[in-house]
**Q** 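Next up is a structure, given as structure tokens.
No experiment lies behind these values; they were computed from the predicted model shown. All residue numbers in this chain count up from 1 along the given sequence.
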Amino acid sequence: MSGPAAGTARAATTTDVVCLGESMVTFLPSQPGRLADVPSFGRGIGGAESNVACALAAAGHRAAWVGRVGADGFGDHLVETIGGYGVDTSAVRRDPVRPTGIYFRTATDRGAGAHEVAYYRAGSAASAMSPANVPYEEVFAGRVLHLSGITAALSADCLELLRELTAPRPGRPLVSFDVNHRPHLWRGGAADASVLLELARRADLVFVGEDEAEEAWGIVGAEAIRAALPEPGVVVVKRGSAGATVFSGRRPGPRSSNAGGAESAPASRSTEEEGADNAPDTDTVTPVPALRVDVVAAVGAGDAFAAGFLSATLRDLPVRERVRHGHLMAAAALTVPGDLTEPPARDHADRLVALDDDAWGRLRLGPGWTAADRAPEEVRTP
């Protein structure tokens, strides 16, 4: 099947989440310092969407990754490693001509001035994904389809694919979209950033950081971000160490592919002010503080947060608990050197999520905190 058929309908599925995007082989430095000075690198994998799929599979969900890799050893490594997490990789396509993308990075935080990343992804197999060569039956086979703005930046064909996948159609699964603004991937500045706003407005669930919204769109503050994204049913604004604020419960607005001139969102009220008479056009606003974490490496946390939130969404947990599960999954990623780690066991995470606000605020998580035999009171506190 090349291209989505009109009125695509999904058959009964056993897949929870399908994640589509590029995964690359990443080379991690053996020591801190400039790329020019690092003597050797260890091999890992990296890719926002495959990271989410791996975390969800490790958390016990049925996850699939759809992508395109080269017919080379790096492609073999990606498919085998991602499959090793329990992710269904049967819909991954191999490109006989284009290579698998790779990149090298330094050990510093992505936001640090000394951070370096060297990408070798131009002309990669993933950049050739398009509406003509993606297996739509597999893409629409889950309860949730998770996408990110990174894919849209890879090529004109990839952008057209994202527009096709986010277009309204009967039987479309819930579309989750992580903005994931990566300025170095875009060439047109503000014009390209507006594409991310367009795609986000076509999704059902959006993850966006306050910092990237300001950088990409010049929008400051959670309320202003929601005003620019009136259509999605749920908007998760990530606020770094301040936590996350979720706008939800409002009837989604009309879908539009026009990124400019977003109409104002309806008035919002805090969770405490909401009552049983909550109008369908009124947001519920749920702020949830972040955890204190002894960070080992600040990579993969955003993908892990999305996986934790989606995991709790699939379980139909309340919004506050969805955010807390996102924070816990992010903490698992922050306390290991690479992008991926084994998440806490579900019952362990559920016990922490159930803590009262004071106990939640006292938590401080460091390396090894996800050990299954640790009870909440044994987690390190100041």
**Q** Just one of Arg121, Arg98, Arg68 clears the salt bridge (charged side-chain N to carboxylate O under 4.0 Å, His left out) bar with Glu22, so which one?
**A**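 In the set Arg121, Arg98, Arg68, the residue that makes a salt bridge (charged side-chain N to carboxylate O under 4.0 Å, His left out) with Glu22 is Arg121.
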**Q** Thinking salt bridges, do Arg364 and Asp294 make one under a 4.0 Å N-O criterion?
**A**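 Yes, this pair counts.
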**Q** Can the ring centroids of His327 and Phe305 be said to lie less than 6.0 angstrom from one another?
**A**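 For His327 and Phe305, the ring centres are under 6.0 Å apart.
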**Q** Indicate, with yes or no, if the rings of Tyr119 and Tyr103 have centres closer together than 6.0 Å.
**A** yes
**Q** With a 4.5 Å limit on heavy-atom distance, are the side chains of Glu215 and Pro183 in contact?
**A** yes
**Q** Ion pair present between Arg143 and Asp204, side-chain N to carboxylate O less than 4.0 angstrom?
**A** no
**Q** Should Ser30 and Pro39 count as side-chain neighbours, where that means a heavy-atom distance under 4.5 Å?
**A** yes
**Q** Does a side-chain heavy-atom distance below 4.5 Å link Asn51 with Glu49?
**A**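 Heavy-atom side-chain distance check fails, nothing below 4.5 Å.
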**Q** Between the side chains of Asp357 and Arg362, is the shortest nitrogen-to-carboxylate-oxygen separation below 4.0 Å, so that they form an ion pair?
**A**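 Judged by the 4.0 Å cut-off on N to carboxylate O distance, Arg362 and Asp357 do not form a salt bridge.
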**Q** Work out which heavy atom in Gly70 is nearest to a heavy atom in Thr100; give both atom names and the distance.
**A** N-OG1, 2.9 Å
**Q** Which atoms form the tightest heavy-atom contact between Asp178 and Glu212, and what is the distance?
**A**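 What the structure gives for the nearest pair is OD1-OE2, 4.4 Å.
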**Q** If we only count heavy atoms from C-beta on, is the Val18 to Val144 side-chain gap below 4.5 Å?
**A** no
**Q** Run the salt-bridge test on Arg324 and Asp350 with the 4.0 Å N-O cut-off and return the result as yes or no.
**A** no
**Q** What I'd like to find out is whether the side chain of Ile82 reaches to under 4.5 Å of the side chain of Tyr85, using heavy atoms alone.
**A**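 A side-chain contact under 4.5 Å is absent here.
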**Q** Can you find a pair of side-chain heavy atoms, one from Leu340 and one from Ile45, that are under 4.5 Å apart?
**A**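 They are in side-chain contact.
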**Q** Check whether any side-chain N or O of Trp360 sits under 3.5 Å from a backbone N or O of Pro289 as a donor-acceptor pair, and report yes or no.
**A** yes
